[in-house]
Amino acid sequence: MTNEPVTVPSNFIVEAVEEDLKSGRFDHVQTRFPPEPNGYLHIGHAKALCIDFGIAETFGGVCNLRFDDTNPVKEETEYVDAIKEDIQWLGFKWGQELYASDYFDQLYDFAIELIKKGKAYVDDLTADQIREYRGTLTEPGKDSPWRNRSVEENLALFEKMRSGEFAEGACVLRARIDMGSSNINMRDPTMYRIIKTPHHRTGSKWCIYPMYDFAHGQSDSGEGVTHSLCDLAYEDHRPLYNWFLDELGLFKTRQIEFARLNVTYTIMSKRFLRQLVTDKFVSGWDDPRMPTLGAMRRRGYPAQAVRNFIDQVGVAKNENLIDVGLLEFNVRDLLNKSARRVLAVLNPVKVVITNYPEGQVEQLEAINNPEDPSAGTRTLPFSREIYIEQDDFREVPPPKYFRLTPGREVRLRYGYIIKCQDVVKDPVTGEVTEIHCTYDPETRGGYAPDGRKVQGTIHWVSASHAVNAEVRMYDRLFTVENPKKVDEDKTYLDYVNPDSLKVLSDCKLEPSLLNVTMGEQFQFERKGFFCADQDSKPGKPVFNLTVTLRDSWAKIENK
RNA sequence: UGGGGCAUGGUGCAAUGGCAGCACACCAGACUUUGGAUCUGUCUAUCUUGGUUCGAAUCCAGGUGCCCCAGCCA
């Protein structure tokens, strides 16, 4: 069954939630997925998605979608729409669609509450000064000279911040905690800063915006989130998260952190992905080589394969670097069961069957999917001139080579057994331009009535019936497993794979592929899985390589 | 030299004081009209030192290594 759900294995988060239910800390479970709409979702987000939605589902709860839109400089509605599309593609259904900006009024009131409690103050220090006063990892910070302003003065100043009387950077609102804390996040963190860029949802209503730390916990709490699941990076922020909830006397959400996903030969950093796009290393966020969900969709990865992959990766707190081969395994595993088989020659060389009658065409029956008998059969035209793969002929065969070579027989899949008699070469380059073969008329369909063994079976396409197509072959985006870890004098850009895209523009496909619909998936026999790209035009399809088939010949040959 | 977190085969995840298991990868073989798929088999691991215990991957103590934190980003 293609869409049989994989049972989600237990993990430390599931256990913690079970414990919370058993102890009575919570009597139900609610989660949220909180992306910032400043870019596209990638495979790393798929892990967070599976955890956030998975925990909710496991315990009969709801997972909300909440956009963390507290910084108008970076955020756009375009990203909101794309994120929703990607989540839906993966098959997740959120409860409410919410925004941190929904809470701006309430957050403002919370800030005033803290000012009145003497727990927040307006600081006139510049950004540079704040950094200086913050101290270092090993030295404590020191108090700002503005730290002890009166409540009245702070209230008045904060109101002026809100009403736009100050320029960006003139001052900020800070929580009054402990400049000597060993946790830097507790050294009077910024709660509000002045930003005069319009917000994608609230426009120019506000010119002060809450920081992540002042918005996230209260947003979670306000919507009744019991378990706020996030990246390990926020572990150091948990004391602050709890501090705000405690000081404000709000419902106490529990934050639990897990290790983010890393995958070999790619990067997850939004900043770096954006650079690959702007510097034209790729054609866009949905370039099939990118680790974004949009790219995977375009490349033909089934959503279920992505989810199965995430389930197999597991959830823990160890830093990890997952072999991209595991993702590819899941893609093949699903596509193998569902994709229709077709014959397609990617790098064609012409074969003339010299003893086959000129002008004759036969229709040969071919199986659509050996893994799925209900997929039925189709018909393939066969004629005197065909194309085969350049790789399937060697004038001088290496050891263990089963394919076509002078004097040897090979089977044409669903066709005839042919024997190579002669080759025609380009007199200048010496390149083989045409291969002359004879066929055995007794072997129609590929069966030898005398029972003789033929080691190789190769795919082919009748020359006069072939559909011309463009096929885009993709390889890993980077040449090293972990582009984040590079030599001192280099950057990840030095490891971009220059051969990650090869466009084959003279491919020959069987006639059934003349009209395909975008996204339709096929197995090109012996080559890999491919899907029709959005760039396809009537009569001139374009295909993306989704993933190659396993290639044990390549292994033998490279030994 | 502050604080937080993490160490199990090549890569991940389990084992919750009692035979270190699963997946992927690898290797070998069977089968095969896809050198695909399928099937079978094999190899490889508890960071280190000490302690507690009949028994430790698990508990305790020390050591080592790696990751994160000094945004008016999230």
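Chain A is the first sequence line, chain B the second, and so forth, proteins listed ahead of strands; every chain is numbered from 1.
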When we call it a touch if two heavy atoms are under 4.0 Å apart, what does [X] touch: a base, just sugar-phosphate, or nothing?
X        : value
A:Arg187 : nothing
A:Pro370 : base
A:Glu319 : sugar-phosphate
A:Tyr209 : nothing
A:Glu139 : nothing
A:Ile556 : base
A:Phe524 : nothing

Integer angstrom distance from the [atom1] of [N] to that of [M]:
N      : M      : atom1 : result
B:rG55 : B:rC19 : C1'   : 12 Å
B:rU32 : B:rC13 : C1'   : 34 Å
B:rG35 : B:rU11 : C1'   : 26 Å
B:rG18 : B:rU53 : C1'   : 12 Å
B:rC59 : B:rA70 : P     : 31 Å
B:rU48 : B:rC31 : C1'   : 48 Å
B:rG10 : B:rC26 : C1'   : 8 Å
B:rU8  : B:rG41 : C1'   : 24 Å

Would you kindly give the [atom1]-to-[atom2] distance between [X] and [N], to the nearest whole Å?
X        : N      : atom1 : atom2 : answer
A:Asp551 : B:rA37 : CG    : P     : 10 Å
A:Glu328 : B:rG36 : CD    : P     : 17 Å
A:Leu380 : B:rU34 : CG    : P     : 15 Å
A:Leu261 : B:rU11 : CG    : P     : 16 Å
A:Tyr265 : B:rG12 : OH    : P     : 13 Å
A:Ile367 : B:rU34 : CD1   : C1'   : 11 Å
A:Asp391 : B:rU34 : CG    : P     : 18 Å
A:Asn320 : B:rC68 : CG    : P     : 13 Å

Check the interface with nucleotides 14-16 of chain B: list each N/O to N/O pair with the protein under 3.5 Å, or write none.
residue, atom, partner, partner atom, Å
B:rA14, OP1, A:Val315, O, 3.4
B:rU16, N3, A:Glu15, OE1, 3.4
B:rU16, O4, A:Glu15, OE1, 3.0
B:rU16, O4, A:Glu15, OE2, 2.0

- Checking A:Arg411 against A:Tyr416: charged group under 6.0 Å from the ring centre and within 45 degrees of the axis? no
Under a 3.5 Å cut-off for both contacts, is [N] paired Watson-Crick or G-U wobble with anything, and if yes, with which nucleotide?
N      : answer
B:rC66 : B:rG5
B:rA20 : none
B:rC39 : B:rG29
B:rA57 : none
B:rC72 : none

- Message: Heavy atoms from C-beta onward define the side chain here; which of B:rG36, B:rG5, B:rG35 lies closest to that of A:Glu371?
- Response: B:rG36
- Query: Do other residues, nucleotides or ligands put more than 12 heavy atoms under 6.0 Å from A:Arg271 CZ?
  - Reply: no
- Syn/anti state of B:rG71 by chi, 90° boundary around 0: syn
Can you measure from [atom1] ([X]) to [atom2] ([Y]) and round to the nearest 0.5 angstrom?
X        : Y        : atom1 : atom2 : answer
A:Arg341 : A:Gln523 : CZ    : CD    : 4.0 Å
A:Phe393 : A:Cys420 : CZ    : SG    : 4.5 Å
A:Phe530 : A:Leu335 : CZ    : CG    : 11.0 Å
A:Tyr209 : A:Glu75  : OH    : CD    : 9.5 Å

Tell me whether [X] is salt-bridged to [Y], with the criterion being a basic N under 4.0 Å from an acidic carboxylate O.
X        : Y        : answer
A:Glu409 : A:Arg452 : yes
A:Asp188 : A:Arg176 : no
A:Glu223 : A:Arg66  : yes
A:Lys74  : A:Asp69  : no
A:Glu36  : A:Lys270 : no

- Message: If you assign each of A:Arg238 and A:Thr138 to its closest nucleotide in RNA chain B, which residue comes earlier from the 5' end?
- Response: A:Thr138
- Item | Earlier contact from the 5' end, RNA chain B, for A:Arg413 and A:Lys317 | A:Lys317
- Query: Under 4.0 Å between a side-chain N or O of A:Arg526 and OP1 or OP2 of B:rG35?
  - Reply: yes
- Message: Please confirm whether the shortest side-chain N or O distance from A:Lys485 to OP1 or OP2 of B:rC66 is below 4.0 Å.
- Response: no
- Message: Does A:Arg238 form a salt bridge (Lys or Arg N to Asp or Glu O under 4.0 Å) with A:Glu257? I'd like the steps, not just the answer.
- Response: CA-CA 9 Å; A:Arg238 183 167 9 108; A:Glu257 311 85 6; 2.7 Å; yes
- Among A:Arg403, A:Arg394, A:Lys400, whose salt bridge (Lys or Arg N to Asp or Glu O under 4.0 Å) with A:Glu557 holds? A:Arg394
Between the protein and nucleotides 22-27 of chain B, are there any N/O to N/O pairs under 3.5 Å, and if so, what are the atom names and distances?
residue, atom, partner, partner atom, Å
B:rC26, OP1, A:Lys555, NZ, 2.8

- Message: Donor-acceptor check, side chain of A:Asn368 to backbone of A:Ala375, threshold 3.5 angstrom: yes or no?
- Response: yes
- Message: Between A:Arg193 and A:Pro210 (side chain of the first, backbone of the second, donor and acceptor by atom type, cut-off under 3.5 Å), is there such a pair?
- Response: yes
- Summary of protein contacts for nucleotides 69-74 of chain B, nucleotide by nucleotide, where a base hit scores B, a sugar-phosphate-only hit scores S (4.0 Å, heavy atoms): BBSBBB
